[in-house]
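Accompanying notes for the structure given below.
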Amino acid sequence: MSVAIHGQAVSRGVVIGRAVVLGANHLDVRHYLIEPDAVTDELLRLGRARDAVAQEINAVKAHVATLGAADAPTELAALLDVQLMMLEDQAMADGVRQWVIERRYNAEWALTAQLDAIGRQFDEMEDPYLRERKADVGQVVERLLAALKGESLSLEHVVKEHPQQDDTPLILVAHDLSPSDLLQFKQSVFSGFITDVGGKTSHTAIVARSLDIPAVVGARAASQLIQTDDRVVIDGDAGVVVVDPSDILCDEYSFKQRQGVLERERLGRLRNTPSTTLDGEAVQLLANIELPSDTEAAMAAGAVGVGLFRSEFLFMGRAKRNLPPLPSEDEQFEAYKEAVQGMAGMPVTIRTIDVGADKPLESNRGGQEKLNPALGLRAIRWSLAEPTMFLTQLRAILRAAAYGQVKVMFPMVAHLSEVRQALQLLEKAREQLLAQGQVFGDVKVGAMIEVPAAAVMAPLFLQHFDFLSIGTNDLIQYTLAIDRVDEDVAHLYDAMHPAVLRLIAQTLDAGRAVGKEVSICGEMAGDVGLTALLLGMGLRQFSMHPTQMLAVKQQVLRSDTRQLTPWAQEVLASDEPQAMLSDA
């Protein structure tokens, strides 16, 4: 009998194949108390396990360095660094030692106890990306537990145990997958994967999208329900796994699979097609990037620029890489310059550092815990509170502007006083470069609309800025007072809420009234189900992950804004816009 398992749809595509289950849950360990004279030996066991895992991760890192972007996405090296950071984290190590020394827990029990304690801290974090880093800690602990048993969690070991016997695709099923597993996945015989844990912003999901692998994560107990050699279907579009499908179901999914292949081929042919609606409206499709090397994927997708360069990734995770707490002006300049040159003359919008209480830097840790970090000293507020750091970043951005079109964008602006201070510091950065005899270029200056106050203030802000960009993820969260990763209220997180749509429309209208650009760089921009509505509302600049670009372009090419505009006005006036969108 067929069984359907539902999870998170994180990477598109359909695959039908034979399951290979990667081990059991290594967090299920023996719990016992050790004798006082065994404490030293237990700590030595932990030390040897840690050294073994560090050696394994470093070996994978060295291998990654020899590969090109096609075989090892840029995200992998960063994810391996994150695992090394967690492995070397002193707080983690001290916590485990304390369980062994004071409670006399055995090494395995101490590791899982510390994981539980750290997991509770991650669960309380406001930022969804940071909350899902709990899974990365779990991966490190699982590797340590395997090392304590003298076992291997490597995908290479599993492949050797389960060789491909015929042309039937193999599907990997696991509790979770580490970055090194994902690297081996690219070079293995597997055609898709399923994990028990993970979400849309988990590292596993990020790499799955970059590799374009059909995958479903967060499928709960999939690794217990599925057995090796079971026939399995992954529907990466719907986030569904079907175990032991009937022949009729297999035929239906085979047809969907063929349709998906043909659709990708058709979309690929649109790469160099100008993004223009049926009635001749030009629409700019821009890319969101985290690292300078991401411009390669943006160019390959046909992006006409970068609408969001998240510069904070240059500031994070530096302590464990033996780097200074903050990147220097020259280091930032080289990174921004690389991105600008990578876009071959097309515009690059650099968002100034967006960190704070919910995304702290190592150099900014300490002090009391914030009760509500999402409303605390973050984004532009934090930058203005650290003018030396902010000026360093602004100088680096201005210097990079000498090599191409650069825009600078301030996040989470809400007050006119913040606007004035940010612009004054930008001017001061120019004066400093001029005094130093440094070469720099002109930049266009904009702000992100992420809080309701900013949307209401958009006409006033546009008197000071050249452009605006709507960050819909935060705008929805702040408008509705909803934490979208809180399971108790996540169902209320609604991009189609009338208040959200009206704030977006107000901002677009404000830009159109003065002839200035307004873009959207949140998840709504890459949602093909919303493309027609956004076009009807007047949006002409979309910024998204490169993998979403061709599907959105197809929707643009099929749209006629003369018909969409009056319909969009009806949707905006409706009490239930979601129902109107479903009926369209």
Side-chain angles (χ1 to χ4, degrees), residues 3-23 70-76 78-79 128-129 132-133 135-136 138-139 142 153-155 158-159 162 164 168-226 228 230-243 245 253-254 256-257 259-261 263-264 267 297 523 526-527 545-548 551:
V3 175
I5 303 172
H6 294 265
Q8 294 271 356
V10 296
S11 189
R12 62 184 181 175
V14 172
V15 62
I16 305 169
R18 178 167 65 89
V20 175
V21 181
L22 177 58
D71 294 317
T74 54
E75 289 88 352
L76 275 177
L79 304 193
Y129 179 85
E132 291 199 8
R133 301 292 66 80
D136 302 314
Q139 288 178 2
E142 288 212 22
L153 283 182
S154 73
L155 189 55
V158 176
V159 172
H162 301 278
Q164 191 169 22
T168 303
L170 296 182
I171 294 173
L172 185 66
V173 185
H175 177 68
D176 200 2
L177 291 173
S178 70
S180 55
D181 287 334
L182 289 162
L183 172 63
Q184 293 167 15
F185 189 102
K186 175 67 176 178
Q187 301 163 330
S188 74
V189 294
F190 294 104
S191 301
F193 69 78
I194 304 159
T195 62
D196 297 339
V197 299
K200 290 188 176 182
T201 55
S202 67
H203 280 159
T204 309
I206 292 168
V207 176
R209 285 192 289 270
S210 69
L211 294 175
D212 212 14
I213 299 167
V216 172
V217 304
R220 303 289 177 168
S223 64
Q224 279 85 47
L225 295 173
I226 301 172
T228 294
D230 280 351
R231 186 162 66 163
V232 172
V233 174
I234 293 179
D235 185 343
D237 300 308
V240 174
V241 176
V242 182
V243 186
Y253 276 110
S254 292
K256 184 175 181 179
Q257 188 177 38
Q259 291 296 105
V261 172
E263 178 66 14
R264 292 191 191 196
L267 288 176
E523 288 182 11
D527 187 340
H545 192 282
T547 57
Q548 301 166 311

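Counting from 1, the numbers follow the sequence of the chain as shown.
Here the shortest heavy-atom pairing between G236 and V216 reads CA-CG2, 4.4 Å. Across every non-hydrogen atom of Y253 and V242, the tightest pair is OH-CG2, 3.9 Å. Summarising the geometry of R18 relative to T168, their closest heavy-atom pair is N-CG2, 3.9 Å, with the distance given to 0.1 Å. Minimum interatomic distance between I5 and A219 (heavy atoms only, all atoms of both residues): CG2-O, 3.5 Å. Minimum interatomic distance between A9 and A238 (heavy atoms only, all atoms of both residues): CB-C, 3.9 Å. When every heavy atom of V15 is checked against every heavy atom of P214, the shortest pair comes out as CG1-CB, 4.1 Å.
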Test log, rule side-chain contact (heavy atoms from CB on, under 4.5 Å), inputs I226 and V241: CA-CA 10 Å; I226 301 172; V241 176; 4.2 Å; yes

Residue pair V243, L225: steps toward the side-chain contact (heavy atoms from CB on, under 4.5 Å) verdict: CA-CA 9 Å; V243 186; L225 295 173; 5.9 Å; no

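The backbone N or O of V217 lies less than 3.5 Å from no partner atom in the side chain of Q8, so there is not a single donor-acceptor pair. Remark: the backbone N or O of A222 is paired with a side-chain donor or acceptor of D196 at under 3.5 angstrom. No side-chain donor-acceptor contact under 3.5 Å links D235 to the backbone of V240.
Taking CD of Q224 as the start and NE2 of H175 as the end, the distance is 8.5 Å to the nearest 0.5 Å. Between I171 atom CD1 and T228 atom OG1 the span is 12.0 Å, to the nearest 0.5 Å. Rounded to the nearest 0.5 angstrom, E263 CD and K256 NZ are separated by 12.0 Å. Taken to the nearest 0.5 Å, the CD1 atom of I194 stands 10.0 Å off from the OG atom of S223.
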